[in-house]
Participant: 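Okay, here's the structure, questions in a sec.
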Amino acid sequence: MLSVIIPAYNEQENVPVAAERVSCLLSENMIDYEMIFVNDGSSDGTWEKICEQSAQNDRVKGICFSRNFGKESAIFAGLRYASGDACVLIDCDMQHPPETIIEMYNIWKNNDVDIVEGKKSSRGKENILYKGFSKLFYGLIKKASGLDMTAASDFKLIDRKAVDALNAMPERLTFFRAMSGWVGFKTEYVYFDVAERTAGESKWSLKSLFKYAVNSISSFTSAPLHAVTLCGVLTLLVALIMAVNTLYNKIVGNSLEGFTTVILLQLITSSIIMISLGIIGFYISKIYEEIKCRPRYIVREFKNIKGEEKK
Ligand code: UDP
Ligand code: MG
């Protein structure tokens, strides 16, 4: 069975459209499915629409949040309560073309792959500001963690094995796009064009995007912490060069009385402070890695090992 997970935040016009399109498509292709709408604390009639749909079709299920927790939380709630052999995540606004689900499903069914990731072959309509920020964001991620996610999206099919692995990650600040890569497994890609929104407008404000960017980067890499240590080392190098220079001036006799000491003290103490901060930062980053309690490794498959079905 395929679980289709659809996060919805203020999407009252889109819920019926999405339910209709996805259910038609899947029954046409004779795929056994369930559809899980996650209502992320919408302030409009989204939940009522979801209830309406589930009254008409018992394959439509709903999860309702107490408030807006963000798309990431909605995705993880969907994964937690999905019971399919594979889960597909798709946006409610149909910007991810549902036809691609069939393509993903066939790849998953006919090959030995665990994750089928949708990649944007074009980004669709976006304003210049959004384009600029997303470029900066992906640039930072790439620098910090080496992952190129420019074309990545949340549109993915994930096998049960990988879903269980994701469910086992206890961290609270999540970054689904990167985490689904982190768990590993065999990944295949399909390309899709971002469509226009069916109705309504994008739910991201500049503020929420900024928050998302900072959370994503900090939940996935501790590189900024190490930057402080690097600064400290650089200052120390400069300090050493300056020290030689000031001492030389002192010896030659063309320096003011007491000036040398001040310069040396300032240079050396500031670099020591920066390095110490960096070291503290390093330990904080370790604490931070540990506190996430991620599993140390994830096994994809067992053969002839007893007790493997035990979780
Ligand atoms: N979404 C959500 N919670 C939020 C913001 C968005 O569940 O706080 C959902 C939204 O309903 C949609 C998907 O995430 O199904 C993508 O949102 P949107 O279309 O606004 O983002 P964009 O396509 O502009 O990146
Ligand atoms: Mg959208």
Side-chain angles (χ1 to χ4, degrees), residues 3-22 35-50 53 60-82 87-98 100-101 117-138 141 149-156 172-180 192-216 219:
S3 301
V4 181
I5 298 165
I6 313 178
Y9 175 49
N10 293 345
E11 306 274 11
Q12 56 180 0
E13 298 96 342
N14 293 329
V15 168
V17 183
E20 188 75 16
R21 277 185 71 180
V22 174
M35 225 189 293
I36 304 177
F37 280 97
V38 186
N39 171 31
D40 185 12
S42 305
S43 52
D44 65 356
T46 302
W47 182 240
E48 285 69 30
K49 293 283 176 201
I50 295 172
Q53 291 299 322
V60 177
K61 295 164 188 181
I63 298 170
C64 187
F65 281 177
S66 60
R67 65 170 171 87
N68 181 244
F69 281 95
K71 189 182 176 187
E72 289 283 318
S73 305
I75 290 175
F76 279 88
L79 290 174
R80 173 78 187 73
Y81 292 99
C87 297
V88 171
L89 286 138
I90 183 166
D91 278 1
C92 194
D93 54 11
M94 300 285 103
Q95 281 192 293
H96 300 155
T100 312
I101 297 180
E117 189 178 327
K119 277 194 175 243
K120 298 173 187 159
S121 44
S122 72
R123 295 188 58 98
K125 260 197 186 160
E126 276 172 354
N127 67 38
I128 308 166
L129 204 66
Y130 191 102
K131 264 209 176 95
F133 273 111
S134 67
K135 213 168 167 181
L136 178 74
F137 171 62
Y138 288 117
I141 296 247
M149 302 213 292
T150 327
S153 70
D154 291 335
F155 190 19
K156 275 179 196 176
R172 302 178 52 88
L173 289 172
T174 56
F175 182 28
F176 174 69
R177 255 168 242 194
M179 285 168 71
S180 54
F192 70 91
D193 287 310
V194 177
E196 288 241 5
R197 246 180 176 279
T198 333
E201 50 197 41
S202 180
K203 303 298 176 298
W204 295 97
S205 62
L206 202 58
K207 192 178 145 218
S208 67
L209 267 179
F210 183 73
K211 210 174 126 193
Y212 176 71
V214 172
N215 272 344
S216 309
S219 76

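Atoms within each ligand, like the ligands themselves, are counted from 1 in listed order. Here the structure is a predicted model, which means the values were calculated and not measured.
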Participant: Please confirm whether the backbone N or O of Glu72 pairs with a side-chain atom of Thr174, one donor and one acceptor, at under 3.5 Å?
Facilitator: no

Participant: Does Phe155 form a side-chain contact (heavy atoms from CB on, under 4.5 Å) with Asp91? I'd like the steps, not just the answer.
Facilitator: CA-CA 7 Å; Phe155 190 19; Asp91 278 1; over 6 Å; no

Participant: Keeping the roles fixed (side chain from Asn10, backbone from Ser42), state whether a donor-acceptor pair exists under 3.5 Å.
Facilitator: no

Participant: Quick one, list the residues around ligand 1 where some non-hydrogen atom comes in under 4.0 Å, by chain and residue number.
Facilitator: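 Near ligand 1, by chain and number: Pro7, Ala8, Tyr9, Glu11, Asp40, Asn68, Gly70, Lys71, Asp91, Cys92, Asp93, Gln95, Tyr130, Arg197, Ser202, Lys203, Trp204.
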
Participant: I'd like to check the salt bridge (charged side-chain N to carboxylate O under 4.0 Å, His left out) partners of Lys120; sequence neighbours left out, ordered by chain and number.
Facilitator: none

Participant: Looking at Lys49 and Asp44, is any side-chain nitrogen of the basic one under 4.0 Å from a carboxylate oxygen of the acidic one?
Facilitator: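 Looking at Asp44 and Lys49, the cut-off is not met.
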
Participant: Examine distances only and state if a side-chain atom of Ser73 and a backbone atom of Phe69 form a donor-acceptor pair shorter than 3.5 Å.
Facilitator: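 Flag set: sc Ser73 to bb Phe69 pair under 3.5 Å.
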
Participant: Everything protein-side that's N, O or S and under 2.8 Å from the Mg ion (ligand 2): list it, residue and atom.
Facilitator: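 Near the Mg ion (ligand 2), below 2.8 Å, one finds Asp93 OD2, Gln95 OE1.
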
Participant: Please check: side-chain N/O of Thr46 versus main-chain N/O of Glu11, any donor-acceptor pairing under 3.5 Å?
Facilitator: yes

Participant: How about Phe65: does its CZ atom have over 12 heavy atoms from other parts shown lying under 6.0 Å from it?
Facilitator: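 Enclosed.
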
Participant: Among residues at least two apart in sequence or on other chains, which ones pass side chain to side chain contact (heavy atoms under 4.5 Å, CB included) with Gln95?
Facilitator: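 Applying side chain to side chain contact (heavy atoms under 4.5 Å, CB included) to Gln95 gives Asp93, Val194, Arg197.
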
